[in-house]
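Beneath this line is the structure, given in structure tokens, with notes to follow.
These numbers were taken from a predicted model, which means no experiment stands behind them.
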Amino acid sequence: FTQNLGPKILINGIKEMWFVGEMNSVDGDKLLKGKENGTFLVRLNNNRNYVLSVVNKRKVRHIRIHENEDRHLCWLKTTKQFYSVDQLIQFFQDNSLGLQDREYTTSLKYPVYY
């Protein structure tokens, strides 16, 4: 994913509103602090890994989006795999993040505009 952002983040040539590009966790916290549960963004960390940052139980959480060696599949903590970051986000907009970790009680509801 990190070598080829285009097909994974761009849909019909348009950047998804939830993707903020390169951003550290401190700046992600600033964008999300005080927002409603389910508010989220996807960013690239300093190592160029995708990270899902989300408000859960009024706290900002950062979840690394893992990818396999050939960068064709991605996942959070579960065995459920997705072919793109967009597909992962769409799934968790309809389903609770609790499916991947009981600590989480929200779905992805409100993308951050950046």
Side-chain angles (χ1 to χ4, degrees):
F1 291 68
T2 54
Q3 298 299 319
N4 185 3
L5 293 178
K8 303 302 180 188
I9 296 299
L10 298 180
I11 305 299
N12 297 325
I14 300 171
K15 180 181 79 73
E16 287 290 340
M17 61 184 149
W18 40 257
F19 182 63
V20 298
E22 290 186 33
M23 179 179 286
N24 61 38
S25 60
V26 173
D27 290 336
D29 285 347
K30 288 177 186 175
L31 277 178
L32 293 170
K33 187 175 180 179
K35 302 280 195 273
E36 291 186 52
N37 286 336
T39 305
F40 72 99
L41 58 86
V42 174
R43 61 186 176 81
L44 284 173
N45 67 11
N46 296 339
N47 296 322
R48 309 249 335 132
N49 295 310
Y50 287 110
V51 177
L52 170 62
S53 298
V54 61
V55 179
N56 180 72
K57 297 180 183 176
R58 305 182 83 150
K59 294 182 182 178
V60 179
R61 303 291 191 181
H62 304 281
I63 310 167
R64 180 168 172 211
I65 299 174
H66 299 275
E67 50 196 9
N68 66 351
E69 288 181 24
D70 60 4
R71 302 179 188 272
H72 291 296
L73 296 173
C74 64
W75 64 94
L76 297 176
K77 293 182 179 180
T78 64
T79 56
K80 182 158 183 58
Q81 297 180 339
F82 304 90
Y83 291 107
S84 68
V85 174
D86 180 63
Q87 188 181 60
L88 181 148
I89 296 301
Q90 288 178 16
F91 179 82
F92 285 110
Q93 285 178 316
D94 296 331
N95 298 280
S96 172
L97 287 165
L99 293 174
Q100 64 95 33
D101 188 327
R102 290 184 196 172
E103 174 185 347
Y104 296 93
T105 59
T106 188
S107 59
L108 303 177
K109 299 176 186 175
Y110 314 107
V112 166
Y113 297 92
Y114 179 72

Handout entry: Distance-minimising heavy-atom pair for L32 and V54
Key = CD1-N, 4.0 Å
Practice task
Kindly indicate whether the side chain of F92, heavy atoms from C-beta on, has any atom under 4.5 Å from the side chain of Y104.
Solution key: no
Handout entry: Close side-chain approach of P111 to F40, heavy-atom, < 4.5 Å
Key = yes
Problem - Rounded distance [0.5 Å steps], CG in N45 versus CE in M23 - result: 12.5 Å
Problem - Straight-line distance of R64 CZ to S53 OG, nearest 0.5 Å - result: 13.5 Å
Handout entry: Contact check, side chains of Y50 and L44, non-hydrogen atoms, under 4.5 Å
Key = yes
Problem - Residues D86 and Q90: side-chain donor-acceptor under 3.5 angstrom - result: yes
Problem - Under 3.5 Å: donor-acceptor pair, side chain of N47, backbone of N49 - result: no
Handout entry: Atom of T106, atom of N37 and distance for their closest heavy-atom approach
Key = OG1-C, 3.9 Å
Exercise for the section: Output yes when a side-chain donor or acceptor of R61 lies under 3.5 Å from a complementary backbone atom of N56, and no otherwise. Expected result: no
Exercise for the section: Specify the closest pair of heavy atoms between N24 and R43, including all atoms of both residues, with the distance to one decimal. Expected result: C-NH1, 3.7 Å
Exercise for the section: Check whether any side-chain heavy atom of L52 lies under 4.5 Å from a side-chain heavy atom of I89, and answer yes or no. Expected result: yes
Handout entry: Worked verdict on K35 versus Y110 for side-chain contact (heavy atoms from CB on, under 4.5 Å)
Key = CA-CA 9 Å; K35 302 280 195 273; Y110 314 107; over 6 Å; no
Problem - Distance-minimising heavy-atom pair for S107 and N95 - result: CB-O, 3.4 Å
Handout entry: hydrophobic_cluster_shared for V112 and V51, side chain cutoff 4.5 Å
Key = no
Practice task
State, to 0.1 Å, how close T105 and K57 come at their nearest heavy-atom pair, and which atoms those are.
Solution key: CG2-CE, 3.4 Å
Handout entry: NZ or CZ of K80 within 45° of F91 ring axis and under 6.0 Å
Key = yes
Problem - Any side-chain heavy-atom pair of D29 and H62 under 4.5 Å - result: yes
Exercise for the section: Check the angle between the aromatic planes of H66 and W75 and answer parallel, tilted or perpendicular using the 30° and 60° thresholds. Expected result: parallel
